[in-house]
Amino acid sequence: VQLQASGGGLVQSGGSLRLSCAASGATLDTYAITWFRQAPGKEREGVSCISASGGTTYYKDSVKGRFTMSRDNAKKTVYLQMINLKPEDTAVYYCATERGHYNGHCPPPISDFYDYWGQGTQVTVSS
């Protein structure tokens with residue numbers, strides 16, 4: 001499966017963005033999708049995950065209440081709605097998935113568990 005992330009941009013603190021992760025090469029409905037982000041000089045970190053069915057979501061504590069994942073399997077697209085953005089949310093955001101060992105459930109938010117990555121989209125939040 002190939003993933004393509006899009007929707008990043010420059011926003012002011014308190015603003016909103018919606019990221020998209022579009023899949024090609026395979027149906028999306030058997031894959032959990034995780035969003036990671038990597039800020040300059042920092043390690044890549046898992047931000048949120050949605051199960052293949054969409055019935056389960058996980059969020060990093062610092063984004064709970066501000067970020068929401070959703071998916072439209074018919075469109076083979078997963079979304080990350082981000083509101084009340086803060087400067088510390090500035091990073092390159094990546095969507096990722098793994099080849100099926102977790103049967104559609106969210107893997108641990110550790111990069112090594114993931115096999116397929118989108119190319120990343122830059123999110124910059126100005127103060």
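Taking the side chain as every heavy atom from C-beta outward, Cys95 and Trp117 never approach each other to under 4.5 Å. Put simply, the side chain of Val11 does not reach to within 4.5 Å of the side chain of Thr124, judged on heavy atoms. Looking only at side-chain heavy atoms (C-beta outward), Thr77 and Arg71 stay at 4.5 Å or farther from each other. The shortest distance between side-chain heavy atoms of Phe113 and Glu98 does not fall below 4.5 Å. Residues Tyr114 and Pro107 meet the side-chain proximity criterion, which asks for heavy atoms closer than 4.5 Å. For the pair Tyr59/Thr68, a side-chain contact is recorded, criterion being any heavy-atom separation below 4.5 Å from C-beta on. Taking the side chain as every heavy atom from C-beta outward, Trp35 and Val78 approach each other to under 4.5 Å. With contacts defined as side-chain heavy-atom distances shorter than 4.5 Å, the pair Ser6/Leu19 does not qualify.
Pro87 and Ser127 make their closest contact through CG-CB, 3.8 Å (heavy atoms, listed as atom of the first residue, atom of the second, distance). Ala52 and Asp29 get closest at one heavy-atom pair: CB-O, 3.4 Å. Residues Gly55 and Ser51 come closest through the heavy atom pair N-OG, 3.3 Å. The minimum heavy-atom distance between Ala23 and Leu28, with the atom names listed, is CB-CD1, 3.6 Å. The two residues Cys49 and Thr34 come nearest to each other via the heavy atoms SG-OG1, 3.2 Å. Taking both residues in full, the closest heavy atoms of Pro108 and Tyr102 are given as CD-OH, 3.5 Å, listed atom of the first, atom of the second, then distance.
Linking Ile, Leu, Val, Met, Phe, Trp and Tyr residues whenever their side-chain heavy atoms come within less than 4.5 Å leaves Tyr58 and Met69 in two separate clusters. One hydrophobic cluster holds both Ile50 and Val63 under the rule that ILVMFWY side chains link at heavy-atom gaps under 4.5 Å. Hydrophobic clustering places Leu3 together with Leu17 (ILVMFWY residues linked when any side-chain heavy atoms are closer than 4.5 Å, directly or through intermediates). One hydrophobic cluster holds both Val47 and Val125 under the rule that ILVMFWY side chains link at heavy-atom gaps under 4.5 Å.
Atom OG of residue Ser126 and atom CG of residue Leu85 lie 10.5 Å apart, to the nearest 0.5 angstrom. Atom OG of Ser13 is separated from atom CG of Asn84 by 7.0 Å, given to the nearest 0.5 angstrom.
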*side-chain contact (heavy atoms from CB on, under 4.5 Å) between Tyr94 and Arg44, worked out*: CA-CA 9 Å; Tyr94 302 87; Arg44 190 172 297 186; 3.6 Å; yes

*asked:* Assess the residue pair Ser48 and Leu80 against the criterion (side-chain contact (heavy atoms from CB on, under 4.5 Å)); give the C-alpha distance rounded to whole Å, side-chain angles, the decisive distance to 0.1 Å, and a yes or no.
replied: CA-CA 9 Å; Ser48 62; Leu80 181 66; 3.5 Å; yes

*Decide side-chain contact (heavy atoms from CB on, under 4.5 Å) for Gln119 and Gln4; before the verdict, give the C-alpha distance in whole Å, the side-chain angles of both, and the deciding distance to 0.1 Å.*
CA-CA 6 Å; Gln119 83 285 7; Gln4 183 169 357; 3.7 Å; yes

*Would Asp72 and Tyr79 count as a side-chain contact (heavy atoms from CB on, under 4.5 Å) if you check the C-alpha gap in whole Å, the side-chain angles of each, and the deciding distance to 0.1 Å?*
CA-CA 8 Å; Asp72 185 335; Tyr79 304 98; 4.2 Å; yes

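Ring-plane geometry between Tyr93 and Phe67 is classed as tilted, the angle between the planes lying from 30 to 60 degrees on a 0 to 90 degree scale. Aromatic ring pairs are classed by plane angle as parallel below 30°, tilted from 30° to 60° and perpendicular above 60°; the pair Tyr31 and Tyr116 is perpendicular.
Salt-bridge formation is detected for the pair Asp89/Arg37: a Lys NZ or Arg NE/NH1/NH2 atom is positioned less than 4.0 Å from an Asp or Glu carboxylate oxygen.
Put simply, the residue from Arg66, Met82, Gln81 that forms a side chain to side chain contact (heavy atoms under 4.5 Å, CB included) with Ser16 is Gln81.
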